[in-house]
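In this text, all values refer to a predicted model and were calculated from it rather than measured experimentally. In what follows, chains carry the letters A, B, and so on, assigned in the order in which the sequence lines appear, proteins first and then strands, with residues in each chain numbered from 1.
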2 protein chains.
Amino acid sequence: MLTSVDPDVIRALSDPLRLRIVNLLARETLCTTHLVEETGARQTNLSNHMKVLREAGIVETEPCGRYTYYRLRPEVLAGLSEQFAALAASARGVGENKRACP
Amino acid sequence: MLTSVDPDVIRALSDPLRLRIVNLLARETLCTTHLVEETGARQTNLSNHMKVLREAGIVETEPCGRYTYYRLRPEVLAGLSEQFAALAASARGVGENKRACP
DNA sequence: CCATTACATCAGCGCGCGCTGATGTGACAG
DNA sequence: CTGTCACATCAGCGCGCGCTGATGTAATGG
């Protein structure tokens, strides 16, 4: 396996609310106000989550007046997809390749 | 998006040690003793992590005498890969599809 | 038979993380 | 200018989770 799955990205996606946000952003670009409406979470809480997603490189921001729009970075998700595909392929090739009992 | 990313599976993979274990198991089938040697973690700790991976459906066990071998379930990883690929594809299609400011 | 090994489970501890309320800053409206 | 709105940041709280030591239970070896 050349590049393993990035732990930081996975960690950022491990929160249910953040995963919901990613799913929402996969349909349309939204600002914090929209996300507050959609998720029912507080603004402060949401802002914290967006910071995590931003620092993990999953999301990028686009300021628009006094609004901040968030959009997904598809390359990151595509990278995850490839890394898991590589893991799955490697796992399929394991077969009866088990290390002997010590 | 038909099937979104499974939060439980992602959560199970969000721990660095568990991710290491998955990477190890992608190469060869191992038992707990091997994993203790490879990771340096305590047996108790490892057993807890294996329980999490098992309950998430990522790993299946094969008892072999007094040893317990663990092997990955490639379908789960392949499923993750497809789900992230779908997310990435959807994210690419978003473009300038941004919801209007309220 | 008893000792050892492999593994699971449990109770307990400590820290990290998600949630919140309060506060600060910048952008627009009037 | 002042007030309001959108958003970020901070301090604090509480719970969950990862780690550990102790204990239980099979399976093997002598």
Side-chain angles (χ1 to χ4, degrees), chain A residues 6-25 28-72 98-102, chain B residues 6-25 28-72 98-102:
Chain A
D6 187 344
D8 298 329
V9 177
I10 291 293
R11 180 143 193 72
L13 294 177
S14 68
D15 183 80
L17 180 51
R18 285 199 290 268
L19 207 48
R20 277 186 64 194
I21 294 171
V22 169
N23 277 288
L24 289 171
L25 292 179
E28 49 181 344
T29 298
L30 299 170
C31 67
T32 308
T33 306
H34 295 137
L35 291 172
V36 168
E37 295 173 0
E38 294 286 339
T39 63
R42 311 267 178 188
Q43 179 265 326
T44 302
N45 185 14
L46 224 85
S47 201
N48 287 330
H49 283 302
M50 297 319 292
K51 183 179 183 182
V52 174
L53 289 175
R54 196 187 323 127
E55 290 178 345
I58 301 174
V59 146
E60 58 186 6
T61 66
E62 178 200 354
C64 174
R66 53 177 166 173
Y67 301 92
T68 305
Y69 276 90
Y70 291 96
R71 93 171 32 132
L72 285 182
K98 63 168 65 171
R99 190 184 297 186
C101 307
Chain B
D6 186 345
D8 298 329
V9 177
I10 290 294
R11 181 140 192 74
L13 294 176
S14 68
D15 182 81
L17 181 50
R18 286 199 288 267
L19 207 50
R20 278 186 63 194
I21 294 171
V22 169
N23 278 288
L24 289 171
L25 292 180
E28 49 180 345
T29 298
L30 299 170
C31 65
T32 309
T33 307
H34 295 136
L35 291 171
V36 169
E37 295 173 0
E38 293 286 339
T39 63
R42 310 267 179 186
Q43 179 264 325
T44 302
N45 186 13
L46 225 87
S47 202
N48 287 332
H49 282 302
M50 297 320 293
K51 183 178 183 181
V52 174
L53 289 175
R54 197 187 323 129
E55 290 178 345
I58 301 173
V59 146
E60 59 187 4
T61 66
E62 178 198 356
C64 174
R66 56 177 165 171
Y67 300 93
T68 304
Y69 275 91
Y70 292 95
R71 93 169 33 130
L72 285 183
K98 64 169 64 170
R99 190 185 297 186
C101 307

Q. About how many Å separate NE2 of B:H49 and OG1 of B:T39, when rounded to the nearest 0.5 Å?
A. 8.5 Å
Q) Nearest 0.5 Å, what's the CZ-CD distance between B:R71 and B:E28? A) 12.5 Å
Q: Calculate, to the nearest 0.5 Å, the distance between atoms CZ and CG belonging to A:R18 and A:L46 respectively.
A: 11.0 Å
Q | Interatomic distance where CD1 belongs to A:I21 and P belongs to D:dC7 [whole Å] | A | 13 Å
Q. Under 4.0 Å between a side-chain N or O of B:Y70 and OP1 or OP2 of C:dA8?
A. yes
Q: Could you run through nucleotides 19-30 of chain C and give me one letter per nucleotide, 5' to 3': B if any protein heavy atom sits under 4.0 Å from the base, S if only the sugar-phosphate is that close, - if neither?
A: SBBB----SS--
Q | Heavy-atom closest contact (B:L17 atom, B:N45 atom, distance) | A | CD2-ND2, 4.0 Å
(Q) Looking at B:R54 and B:Y70, would you say the former's side chain and the latter's main chain have a donor-acceptor pair under 3.5 Å? (A) no
Q: Rounded off to whole Å, could you give me the CG-to-P distance for the B:L30 and C:dC7 pair?
A: 11 Å
(Q) Given 3.5 Å as the limit, does a donor-acceptor pair link the side chain of B:S47 with the main chain of B:T44, or not? (A) no
Q: Check every strand shown and say whether B:T68 touches a base, only sugar-phosphate, or nothing at a heavy-atom separation below 4.0 Å.
A: sugar-phosphate
Q: For DNA chain D, determine which residues of residues 52-60 of chain B have any heavy atom closer than 4.0 angstrom to one of its atoms, and list them numerically.
A: none
Q: Would you classify A:T33 as touching base, sugar-phosphate or nothing, given that sugar-phosphate means primed atoms plus P, OP1 and OP2, and contacts are heavy atoms under 4.0 Å?
A: sugar-phosphate
Q) Base, sugar-phosphate alone, or nothing: which one does A:Y69 contact when heavy atoms must sit under 4.0 Å apart? A) nothing
Q | Chi angles and distances behind the side chain to side chain contact (heavy atoms under 4.5 Å, CB included) call for B:I21, B:M50 | A | CA-CA 9 Å; B:I21 294 171; B:M50 297 320 293; 3.9 Å; yes
Q: Using atom CG of A:D8 as one end and atom P of C:dC17 as the other, report the distance to the nearest whole Å.
A: 11 Å
Q: Could you tell me whether a side-chain N or O of B:R20 sits under 3.5 Å from a main-chain N or O of B:E38, the two making a donor and an acceptor?
A: yes
(Q) My understanding is that only one of A:L72, A:T61, A:V59 makes a side chain to side chain contact (heavy atoms under 4.5 Å, CB included) with A:L53; could you say which? (A) A:V59
**Q.** A:Y67 OH - D:dT4 P separation (whole Å)
**A.** 16 Å
